[in-house]
J.: 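Here it is: the structure, laid out below.
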Number of protein chains: 2
Amino acid sequence: MENGRKKPTLKDVAALSGVSVISASRVINNAPNVSRTLREKVEKAAATLGYQRNRIAGSLRGKATELIAVIVPSMSNHVFPQIVDGIDDALKGSKLQLVLGMTKYEEMGEESILRELLTWNPAGVILSGLEHSENTKAMLSQFNGPIVEVMDSDGDAIDMAVGVSMEEAGKSIAQHLVSLGYQRIAYVGAWGERPKRSLKRRLAFEAELARLGQPILTSIILDEQSSLHVGASGMQQLLERKLKPDAVFFANDDLALGALFFCQSKNLSVPTDIALAGYNGLDMCQLISPRLTTIATPRYDMGRIAGEISRKVILDEERPKQLVHKLDVQLIAGETT
Amino acid sequence: MENGRKKPTLKDVAALSGVSVISASRVINNAPNVSRTLREKVEKAAATLGYQRNRIAGSLRGKATELIAVIVPSMSNHVFPQIVDGIDDALKGSKLQLVLGMTKYEEMGEESILRELLTWNPAGVILSGLEHSENTKAMLSQFNGPIVEVMDSDGDAIDMAVGVSMEEAGKSIAQHLVSLGYQRIAYVGAWGERPKRSLKRRLAFEAELARLGQPILTSIILDEQSSLHVGASGMQQLLERKLKPDAVFFANDDLALGALFFCQSKNLSVPTDIALAGYNGLDMCQLISPRLTTIATPRYDMGRIAGEISRKVILDEERPKQLVHKLDVQLIAGETT
DNA sequence: AGATATATTGGTAACGTTACCATTCGTTAT
DNA sequence: ATAACGAATGGTAACGTTACCAATATATCT
């Protein structure tokens with residue numbers, strides 16, 4: 001901290017070792033055709049000076065930076081951290097580094113974060129969902145490098161996408177609930193349904209219910225961020241209705257868990273009095289009792305694959321054949337339905 | 001994507017608007033003393049060309065980058081995502097942007113990630129814990145800019161720190177368990193106790209137990225990463241002993257929850273047959289039944305304060321008076337003890 | 001009016017690195 | 001022996017921006 005002398009540069013290393021700057025650069029970058037003696041001289045000087053390369057300067061001269069811009073809504077849930085974890089694992093060992101931006105689910109969030117992150121001239125961009133503002137799309141269309149959209153596979157990618165089908169997910173949970181004989185089925189969402197993929201999932205859910213002759217009883221979209229508390233509050237709202245539902249599908253497991261705990265605290269029996277289903281398939285939902293019915297999504301893998309795709313395109317110049325990489329969701333029939 | 005023409009630069013903007021490059025720069029940076037006409041000309045040209053500033057170039061010439069390097073162990077738990085969330089919130093609105101690296105709890109992880117991140121010439125560094133390798137410390141001592149260590153407040157900061165006292169935490173849970181009359185108290189940790197702060201907490205816990213005349217029965221340190229499953233497996237190991245514990249303190253809530261679910265699945269009554277306590281105070285632990293006894297840590301706030309400190313030092317040139325910012329932990333006496 | 005301050009604009013150099021081209025020197029092929 | 005080649009090294013310019021200083025225009029003061 002706060003020490004006066006400034007960082008040694010390649011020039012200093014070159015001067016100390018008595019070679020040219022460019023030769024020093026070759027050693028630092030493990031370029032071919034460098035003699036052993038040169039290498040040793042430079043490495044010794046670099047060690048003596050405590051030289052650290054400055055990639056800012058390097059990436060100004062070279063074409064690309066080695067930064068990957070990742071834009072996610074938030075870290076306050078269980079989904080995106082795992083995606084980021086997957087991306088990072090895929091990038092490990094390469095020179096690529098993650099720059100992270102969060103939109104906090106704000107309307108203009110993605111757009112302004114993207115604008116910020118693009119000023120760092122990243123080599124690739126990873127963002128979530130397939131729906132974006134016009135300005136976001138415009139900025140991305142100017143962007144040279146891989147753009148990977150994670151989460152959703154229902155639609156066209158700007159460049160490439162890795163995700164699961166929201167429609168299949170909504171449909172399969174509808175079929176599950178109807179097949180078990182539930183007749184007054186409700187839905188609870190959060191975040192004001194700003195991530196459009198949850199809207200897609202709900203619409204598919206409602207459409208399938210209607211097709212099966214059990215149209216949705218009601219859908220409540222809460223404006224707050226998803227949490228156990230909000231799930232409980234959604235549940236409470238439903239229970240205050242005259243015509244109470246006998247099954248509820250929640251936009252995610254956090255909401256469903258909150259509802260489950262709420263029901264337990266009110267001595268309601270799940271699923272006898274009311275059935276509950278979630279979305280995501282968080283680990284813990286299979287350890288509690290009753291085990292939550294939910295849809296497992298491959299969060300870590302979506303991140304990992306998005307990272308791998310980016311890495312391949314940037315470093316190996318190899319583009320995947322399929323632009324939309326669809327992964328499978330899996331209905332986990334637990335004990336809450 | 002992949003469109004041939006290269007990005008417009010300030011030079012292009014200047015040429016189109018008929019002013020000098022430096023004047024265009026002034027407009028883009030909202031510098032003072034720029035006439036309205038000049039501003040309008042440049043802004044129009046910038047909009048026409050779709051100009052995006054290149055901060056890589058800017059931060060090469062200028063002194064600082066406006067990147068904050070954040071190094072955390074992993075995103076696969078509930079602790080660090082919340083810290084990152086806090087940091088990001090504190091940085092919102094400023095020009096500072098987060099570059100994220102993860103060590104995956106590997107021995108040399110922090111060191112190599114830091115080396116990587118420093119090549120981006122960040123304006124500040126945020127990392128976790130107060131224990132670091134010699135090389136890490138050496139690199140940081142060369143670093144010009146705020147260094148904030150989060151999580152732990154027991155010890156000396158390299159530069160500044162925001163955290164809670166591991167010793168207080170270990171001590172208070174020991175007192176809690178002994179005061180309730182437990183006599184065969186055990187401990188379960190994970191990650192091979194690589195984050196040294198968990199070791200500190202355990203040692204304080206064991207020391208306090210000894211002081212109170214109830215020395216620890218056994219401490220099991222598992223090598224795997226913390227998870228519900230690992231907690232269950234630790235619990236299982238303890239139950240296979242001849243002398244079974246009557247209370248167990250876990251290194252975190254994930255482990256404790258896993259153990260709780262495991263006990264429930266074995267029809268053991270908690271806390272009658274066995275008492276359980278965790279560490280972190282995750283939301284959901286207070287919603288399940290029985291509510292978990294745990295120690296609440298201000299995760300989001302640690303991140304937020306670390307972010308605010310960094311921001312202040314970097315942008316306002318104002319250093320906080322206290323170098324180690326200690327936040328309070330809170331024992332939550334739940335129903336599992 | 002002349003002097004002085006202030007607002008506005010421009011020119012040049014530099015940040016630290018790497019791409020590109022040039023040079024030297026030894027080695028192999030003819 | 002000469003040509004042709006490749007390995008090893010060096011020189012120069014450039015990446016896009018901003019710091020610094022200089023120059024001009026305009027406003028204010030005595």
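Atoms considered below: every heavy atom in the structure, side chains included; atoms not considered: hydrogens, waters and symmetry mates. A note on names: the letters A, B, ... follow the listed sequences, proteins ahead of strands, and every chain is numbered from 1.
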J.: Output yes when at least one side-chain N/O atom of A/Ser59 is less than 4.0 Å from OP1 or OP2 of C/dT17, else no.
T.: no
J.: Tell me: NZ of A/Lys41 to P of D/dA8, nearest whole Å?
T.: 14 Å
J.: When you check the phosphate oxygens OP1 and OP2 of D/dG10, does a side-chain N or O of A/Arg26 lie under 4.0 Å from one of them?
T.: no
J.: Counting just side-chain N and O atoms, does A/Ser23 come under 4.0 Å of either OP1 or OP2 of D/dA8?
T.: no
J.: Is A/Arg55 reaching over with its side chain to a backbone N or O of B/Thr119, donor-acceptor style, under 3.5 angstrom?
T.: no
J.: Atom CG of A/Leu49 to atom P of C/dG16: distance rounded to whole Å?
T.: 14 Å
J.: Could you walk me through whether B/Asn121 and B/Thr65 pass side-chain hydrogen bond (donor to acceptor under 3.5 Å, both in side chains), step by step?
T.: CA-CA 6 Å; B/Asn121 206 15; B/Thr65 42; 5.5 Å; no
J.: Taking atom C1' of C/dT17 as reference, at what distance in whole Å does atom CD of A/Glu66 sit?
T.: 12 Å
J.: Have a look at B/Ile56 and say if it touches a base, only the backbone sugar-phosphate, or nothing, with a 4.0 Å heavy-atom cut-off.
T.: nothing
J.: Quick one: A/Arg55 CZ to C/dG16 C1', roughly how many Å, whole number?
T.: 14 Å
J.: Could you check which of C/dT18, D/dG16, C/dT9 has an atom nearest any side-chain atom of B/Leu60?
T.: D/dG16
J.: Counting only heavy atoms from other residues, nucleotides and ligands, does the tally under 6.0 Å from NZ of B/Lys312 exceed 12?
T.: no
J.: Got a donor-acceptor contact below 3.5 angstrom from the B/Ser310 side chain to the B/Ala306 backbone?
T.: yes
J.: Given atom NZ of B/Lys11 and atom P of D/dT18, what is their separation to the nearest angstrom?
T.: 15 Å
J.: Counting only side-chain N and O atoms of B/Arg61, is one of them less than 4.0 Å from OP1 or OP2 of D/dC15?
T.: no
J.: Between C/dG11, D/dC15, D/dT17, which nucleotide gets closest to the side-chain atoms of B/Ile22?
T.: C/dG11
J.: Using only side-chain N and O atoms of B/Ser20, determine if any of them is under 4.0 Å from OP1 or OP2 of C/dG10.
T.: yes
J.: Does any N or O in the side chain of A/Asn29 come within less than 3.5 Å of the main-chain N or O of A/Ser25, such that one atom is a donor and the other an acceptor?
T.: yes
J.: Kindly say if A/Asn33 contacts the phosphate of D/dA8, meaning a side-chain N or O under 4.0 Å from OP1 or OP2.
T.: yes
J.: Which whole-number value in Å describes the distance from A/Leu10 CG to D/dG11 C1'?
T.: 15 Å
J.: Given that A/Gln52 and B/Val19 both sit by DNA chain C, which one's nearest nucleotide is further toward the 5' end?
T.: B/Val19
J.: Indicate whether any N or O donor in one side chain lies under 3.5 Å from an N or O acceptor in the other, for A/Glu111 and A/His132.
T.: no
J.: Check the phosphate of C/dC15 against A/Asn54, side-chain N and O only, distance under 4.0 Å to OP1 or OP2. Yes or no?
T.: no
J.: Rounding to a whole Å, what distance do you find between A/Arg39:CZ and D/dA8:C1'?
T.: 12 Å
J.: Hey, does the side chain of A/Ser25 come within less than 4.0 Å of C/dT18's phosphate (OP1/OP2), counting only N and O?
T.: yes
J.: Taking only the side-chain heavy atoms of A/Ala57 (C-beta and beyond), determine which of C/dT17, D/dT17, D/dC15 contains the nearest atom.
T.: C/dT17
J.: In whole angstroms, how far is the P atom of C/dT17 from the CG atom of A/Asn29?
T.: 10 Å
